[in-house]
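Below you'll find the structure, written out as structure tokens, and then a few comments.
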Amino acid sequence: MTHVIDDLDARGLIAHSTDLDALRDEMDAGPLTYYVGFDPTAPSLHVGNLLQILTARRLQLAGHRPLLLVGGSTGLIGDPKQSGERVMNSKETVAEWVDRIRGQVSRFVSFEGDNAAVLVNNLDWTQSLSTVDFLRDIGKHFPVNRMLARDVVASRLESGISYTEFSYVLLQAMDYLELHRRHGCALQTGGSDQWGNITAGVELVRRADGDRVHALATPLITKADGTKFGKTESGTIWLDPALMSPYAFYQSWIQAEDAKVGEYLKQFTFLPVDEVDRVMAEHAERPGARAAQRLLASELTTLVHGEDETRAAELASQALFGRGDLGELPASTLEAALREAGGVELDEAPTVVDALVAAGLADSKSAARRAVTEGGAYVNNERVEDPELSLAGHGVGDSGWVVLRKGKRSVSGVRLP
RNA sequence: GGCAGGUUGCCCGAGUGGCCAAAGGGAUCUGACUGUAAAUCAGACGGCUUCGCCUUCAGAGGUUCGAAUCCUCUACCUGCCA
């Protein structure tokens with residue numbers, strides 16, 4: 001049986017760590033309580049957060065006990081980021097997001113057994129905390145000169161940083177101390193962008209209670225060109241189906257780059273590392289088959305949206321990207337596929353340009369017209385030349401649905417009256 | 001408080017009265033090649049009732065036949081001096 005630390009390492013999930021041998025010894029001595037936190041900065045978690053949840057799940061599967069923290073108070077303050085001061089959200093909004101995120105996070109860990117997960121909210125120990133106590137008990141352990149030296153803070157000194165954001169690290173460090181005292185928490189995990197906050201917590205626990213606790217950080221997930229994965233121009237890859245359909249979610253994985261698909265399989269799925277290696281060996285033989293991408297998309301969509309949604313997304317993808325004749329698809333399959341892909345019903349037969357806009361494939365009529373002019377617009381897989389062509393009578397079979405495609409991989413549709 | 005400079009399209013950044021919807025780069029999109037991959041090459045890249053028209057160069061007002069470019073005020077930012 002592979003040690004969970006070796007497994008994490010083999011998957012490329014350890015970017016930074018405190019003393020790994022000491023951590024290993026503690027893990028071997030018995031179940032370890034650890035925590036990972038999520039700040040409610042949006043109504044849903046995204047793939048970056050997913051990596052953290054999955055890492056937490058791996059540790060739980062190895063017998064350790066997860067504390068999942070939702071930042072009801074830290075979400076009100078805002079972690080300082082390079083680009084500048086965050087917009088502060090209202091307390092009502094943050095409270096609503098806390099609820100939604102709590103629900104999302106809960107689906108990935110087990111609440112059964114000896115090492116059942118526990119949900120915690122840092123609002124519980126901050127809302128009644130007095131300012132004076134906070135400054136005496138927590139603030140005293142934070143030398144400002146060292147806080148100023150932190151990378152994010154240093155980079156913000158020119159552009160400006162509010163006292164609110166400057167103080168963020170104290171709250172997160174205090175979370176670790178509280179969880180250490182309340183639950184015996186001895187490990188915090190998170191993304192590498194959180195490393196500074198995490199180690200601040202480790203240090204606070206040492207200073208305040210004299211205990212040595214641990215930290216692990218996962219690397220930033222990137223695309224082949226080095227930019228951040230999951231935040232494309234077209235938007236963030238969300239976990240909430242209301243923000244990103246399961247079909248779109250599936251598609252964003254199936255488009256993974258060859259150079260990265262192996263890493264993603266190791267980092268985002270529970271497939272054993274040697275099985276991933278085997279799949280990648282096959283993929284190297286026949287990359288055109290895209291077997292690795294299909295596996296990745298299928299595994300992830302199942303994890304996040306379940307088997308039924310995965311099946312629907314797969315069928316839709318096969319129907320819309322298959323080589324076959326659209327007319328040979330059962331009408332129900334075509335309809336389901338186009339609805340999955342974001343197709344819309346219209347009151348009257350539109351022109352190609354209007355249909356592209358209505359189906360969400362173009363931002364404006366100019367953009368739609370441009371797509372046609374550039375030879376990038378297709379109706380039922382046939383390239384169209386005339387932007388003003390009416391789609392009346394172009395429905396596939398008797399379905400009334402017209403398949404629209406822009407470029408290579410953006411497919412949608414409209415249903416004629 | 002005084003002096004000087006700055007604010008340009010998604011981002012960076014040219015442009016000091018007409019040739020400016022505005023150079024160049026990045027991002028993005030499309031085509032060719034392919035495999036819903038990458039790289040490469042080419043094109044596009046404010047909007048619309050698209051061979052023309054409309055709205056943009058921090059905001060408001062003004063000069064002029066004509067302004068992103070000149071003047072006035074306002075807001076914000078940056079240096080230098082107090």
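Proteins get letters first, then strands, A, B, ... in listed order; numbering begins at 1 in each. All figures in this text were calculated on a predicted structure; none of them were measured in a lab.
- Aromatic ring pairs are classed by plane angle as parallel below 30°, tilted from 30° to 60° and perpendicular above 60°; the pair A:W253 and A:F229 is tilted.
- Annotation: B:rA22 and B:rA67 have their C1' atoms spaced 13 Å apart (nearest Å).
- Side chain of A:H394 to main chain of A:A392: a donor-acceptor pair is present (N/O by atom type, distance under 3.5 Å, no hydrogens or angles).
- The nearest whole Å value for the distance from the NZ atom in A:K228 to the P atom in B:rA27 is 18 Å.
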Expected string for nucleotides 35-41 of chain B under the B/S/- scheme (protein heavy atoms, under 4.0 Å, primed atoms plus P, OP1, OP2 as sugar-phosphate) is BBBS---
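- Look at the C1' atom in both B:rA14 and B:rG2: the space between them is 32 Å, to the nearest Å.
- In this structure, A:F38 has its ring center at least 6.0 angstrom away from the ring center of A:W97.
- Rounded to a whole angstrom, the distance from the P atom of B:rA39 to that of B:rC54 is 42 Å.
- Considering only heavy atoms from C-beta on, A:N122 stays 4.5 Å or farther from A:E178 through its side chain.
- At a non-hydrogen distance threshold of 4.0 Å, nothing from residues 297-308 of chain A comes into contact with RNA chain B.
- Going from atom CZ of A:R286 over to atom C1' of B:rU34 covers 16 Å, rounded to whole Å.
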What does the list of N/O pairs under 3.5 Å between the protein and nucleotides 48-52 of chain B look like, with a distance for each?
from   : atom 1 : to     : atom 2 : distance (Å)
B:rC48 : OP1    : A:K365 : N      : 3.2
B:rC48 : OP2    : A:S366 : N      : 2.7
B:rC48 : OP2    : A:S366 : OG     : 2.5
B:rU49 : OP1    : A:K365 : NZ     : 2.7
B:rU50 : O4     : A:S366 : OG     : 2.8
B:rU50 : O4     : A:R369 : NH1    : 2.7

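- Within 4.0 Å of A:R383, counting heavy atoms only, lie sugar-phosphate atoms of the nucleic acid but no base atom.
- Comparing B:rU36 with B:rA32, their P atoms sit 13 Å apart, to the nearest whole Å.
- Across B:rU16 and B:rA23, the matching P atoms stand 14 Å from one another, rounded to whole Å.
- Qualifying side-chain hydrogen bond (donor to acceptor under 3.5 Å, both in side chains) partners for A:S44, counting only residues two or more places apart in sequence or in other chains: A:Q104.
- Atom name C1', nucleotides B:rC70 and B:rG1: the rounded distance is 29 Å, in whole Å.
- Spacing between B:rU63 and B:rC80 at atom C1', rounded to whole Å, works out to 33 Å.
- Sorted by first and then second residue, the ring-ring contact (aromatic ring centres under 6.0 Å, His included) pairs involving residues 396-417 of chain A (not counting sequence neighbours) form an empty list.
- Scanning residues 328-344 of chain A for heavy-atom distances under 4.0 Å to RNA chain B yields an empty list.
- Taking 3.5 Å as the limit, the base of B:rG43 and the side chain of A:E374 contain a donor-acceptor pair of atoms between them.
- Under the 4.0 Å criterion applied to side-chain N and carboxylate O atoms, A:K81 and A:D193 are not assigned as salt-bridge partners.
- Residue contacts shown for A:K406 are limited to sugar-phosphate atoms, with no base heavy atom under 4.0 Å away.
- Following rounding to the nearest Å, A:K223 (NZ) and B:rU28 (C1') show an atom-to-atom distance of 11 Å.
- Taking atom C1' on both nucleotides, B:rA21 is separated from B:rU69 by 15 Å, rounded to a whole Å.
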